[in-house]
Amino acid sequence: MATSTFTADAIASTPRSGPKLDHSLHPSGRWIFFAILLGGLAYAGISIATDTAQVGESLAGGAFAFLALALLIALGFEFVNGFHDTANAVATVIYTHSMPAPFAVVWSGFFNFLGVMLSSGAVAYSIVTLLPVDLILNVGSAGGFAMIFALLLAAILWNLATWAVGLPNSSSHALIGSILGVGLANQLISGGSDGTSGVDMAQVWKVLSALAFSPVIGFVGALLLLLVMKRFLRDKKLYEAPEGQTPPPRGIRALLIGTCTAVSFAHGSNDGQKGMGLIMLILIGCAPTAYALNRTMPESATPAFVQAARAASAAYVAHADGRPANVGAARTAVTQALKSKRVADPVVYGALATLSDDVSSRIAGYGSLGKVPAAATPNLRNDMYLVLDTTKLIAADKAAQSRFTAQEITTLKSYSGKLEQGTRYIPTWVKVTVALALGLGTMVGWKRIVVTVGERIGKTHLTYGMGASAELVAAATILLAVNYGMPVSTTHILSSGVAGASVANGAGLQRRTVMNMALAWVMTLPVAMLLSGVLYWLLLTLAHSLGY
């Protein structure tokens with residue numbers, strides 16, 4: 001087969017034709033942007049006021065202002081995530097002239113919005129489970145709020161620093177590094193020599209493995225896909241740089257717009273959930289009566305929950321070594337088991353049976369989660385959290401699976417699902433505000449990252465085939481991760497895909513850019529950890545000095 005058409009020399013000789021990135025936005029567009037922004041914030045404020053009023057929990061002016069500040073910082077993280085990460089999605093359509101830059105970012109922002117709105121919330125709580133158990137149980141304390149502020153501010157600062165120099169860095173990577181930093185700082189401050197005050201390292205390695213392998217999948221997948229395309233799709237225009245400002249042929253243009261849409265939707269469905277989980281922690285800390293439990297669950301769901309709890313309790317009793325004398329002792333035993341991740345223990349099974357019976361009897365007595373009194377809400381939520389996460393660990397533990405029958409494991413999983421419905425939910429207004437923050441962020445500050453992806457990874461201009469293969473692989477990888485509840489990096493996957501496609505197209509890579517991207521990838525974890533750890537210590541010290 002003749003391949004001279006696609007050689008590196010032929011491509012390198014093609015003059016670059018950069019897109020127009022300096023289109024001025026129409027004045028009406030700015031007004032619409034700010035109207036949506038202010039409307040979203042007003043919607044959040046009205047929703048909080050309505051939710052708290054419905055449960056009889058009135059927030060004082062100071063508490064409401066504090067909650068507003070915390071939410072603004074969390075939404076600020078999603079806004080920065082939007083213009084930092086989503087720029088990767090629009091780079092291909094902009095550099096292949098498939099869409100004008102202003103229209104491309106609005107288009108991407110809209111599908112980011114849809115991705116957030118249609119997400120399940122699984123990724124949101126996979127991020128939350130990385131946090132130290134004692135801080136999650138006491139999220140409304142000075143330590144809990146110091147944790148949230150520290151990790152959000154650290155992730156935002158590192159994202160802004162890498163954006164300022166035009167490096168495609170991962171917001172997911174920065175956020176997870178920040179969580180690790182807070183966990184380790186909490187462990188050092190509390191003197192937890194056994195590690196029980198730190199983070200869940202098993203979950204950390206699970207998440208980090210997804211972050212580590214996903215760029216490899218992006219690089220190899222895009223490289224192989226483009227080679228397959230060259231083998232079966234012989235249209236030379238797919239592998240040549242665009243001529244002037246001429247858009248690609250209709251079919252190729254539709255393909256590129258479709259892949260951009262898929263990546264934008266996938267980015268929203270994955271990255272948007274990270275902010276949701278943190279916002280729910282903020283709401284639980286500031287307004288536990290309204291948000292610690294899912295009060296939207298109907299009263300008709302209570303009998304099924306009680307039945308599942310009793311069945312799970314019976315399964316635990318069958319393998320228990322006695323039961324604690326009281327609920328307090330059971331709570332202590334389960335808390336220690338969850339912190340240490342040592343759950344394959346008959347003593348823990350007995351404690352779980354006692355705590356499950358207490359939770360189910362309290363909910364049955366109230367009639368539904370919506371009728372739980374304000375004073376009982378934090379304690380009930382914490383007990384449900386303890387039972388849920390410990391039960392999930394047991395259902396996945398090999399030692400436990402060797403003791404429990406298959407039917408009992410199914411019973412425990414069913415019980416976990418009921419507990420999740422009662423505690424791990426995302427109100428509609430949270431989804432809407434996060435979706436708006438991510439979508440509007442896409443429309444601001446995108447140019448720096450777009451230029452890096454479009455011009456500074458490969459040695460030649462981005463071709464139609466390169467853009468399509470990189471985005472197809474990126475969208476598929478991200479959506480697969482969403483299905484399994486795993487947080488991954490759109491930035492790492494797509495930029496690696498562009499690099500892989502450049503190699504497959506014979507274009508080669510710009511060594512300096514690749515080295516800088518690799519350096520940013522390597523530095524993100526330690527820098528974010530250091531930033532968040534120091535911020536956590538400073539904020540905690542400040543809170544204690546003020547008497548909190």
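Here, residue 1 is the first one in the sequence, and each next residue gets the next number.
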Residues at least two apart in sequence or cross-chain that pass ring-ring contact (aromatic ring centres under 6.0 Å, His included) with Phe111, listed by chain then number, are Trp107
Check whether any side-chain N or O of Ser496 sits under 3.5 Å from a backbone N or O of Gly218 as a donor-acceptor pair, and report yes or no.
-> no
Is it true that a side-chain atom of Arg381 and a backbone atom of Leu293 form a donor plus acceptor pair closer than 3.5 Å?
-> no
Six-ring centre of Tyr366, Arg362 cation under 6.0 angstrom, axis tolerance 45° | no
Under the side-chain contact (heavy atoms from CB on, under 4.5 Å) rule, collect the residues that match up with Leu153, sequence neighbours excluded.
-> Ile73, Leu535
Go through the structure and list residues passing side-chain contact (heavy atoms from CB on, under 4.5 Å) with Ala528, not counting sequence neighbours.
-> Ser178
Residue pairs meeting side chain to side chain donor-acceptor pair (under 3.5 Å), one or both in residues 425-436, sequence neighbours left out, come to Asp51-Trp429
With sequence neighbours left out, what residues match Met529 under side-chain contact (heavy atoms from CB on, under 4.5 Å)?
-> Leu180, Leu184, Leu525
Kindly list each side-chain donor-acceptor pair under 3.5 angstrom involving residues 274-284, sequence neighbours excluded, with atom names and distances?
residue: Lys274; atom: NZ; partner: Ser172; partner atom: OG; Å: 2.0
residue: Lys274; atom: NZ; partner: Asn270; partner atom: OD1; Å: 3.3
residue: Lys274; atom: NZ; partner: Asp271; partner atom: OD1; Å: 3.0
residue: Lys274; atom: NZ; partner: Val488; partner atom: O; Å: 3.2

Hey, could you give me the CG/CE distance between Asn382 and Met384, rounded to the nearest 0.5 Å?
-> 11.0 Å
For Lys413, what residues pass the salt bridge (charged side-chain N to carboxylate O under 4.0 Å, His left out) criterion, not counting sequence neighbours?
-> none
Quick one: ring-ring contact (aromatic ring centres under 6.0 Å, His included) partners of Phe145, sequence neighbours excluded?
-> Phe66
Contact list for residues 100-128, test salt bridge (charged side-chain N to carboxylate O under 4.0 Å, His left out), sequence neighbours left out | none
Leu225: side-chain contact (heavy atoms from CB on, under 4.5 Å) partners, not counting sequence neighbours = Met229, Ser469, Leu472, Val473
Any donor and acceptor pair, going by atom type alone, linking the side chain of Ser108 with main-chain N or O of Val105 inside 3.5 Å?
-> no
Apply side chain to side chain donor-acceptor pair (under 3.5 Å) to Lys392 and list each qualifying residue two or more places apart in sequence or on a separate chain.
-> Glu420
How about Val434 and Phe79: do any of their side-chain heavy atoms sit closer than 4.5 Å?
-> no
Is there any salt bridge (charged side-chain N to carboxylate O under 4.0 Å, His left out) pair reaching into residues 528-538, and which pairs are they, with sequence neighbours excluded?
-> none
Determine, stepwise, if the pair Arg424 / Asp389 fulfils salt bridge (charged side-chain N to carboxylate O under 4.0 Å, His left out).
-> CA-CA 11 Å; Arg424 296 185 174 179; Asp389 275 29; 2.5 Å; yes
State whether the side chain of Asn112 and the backbone N or O of Leu438 hold a donor-acceptor pair below 3.5 Å, judged by distance alone.
-> no
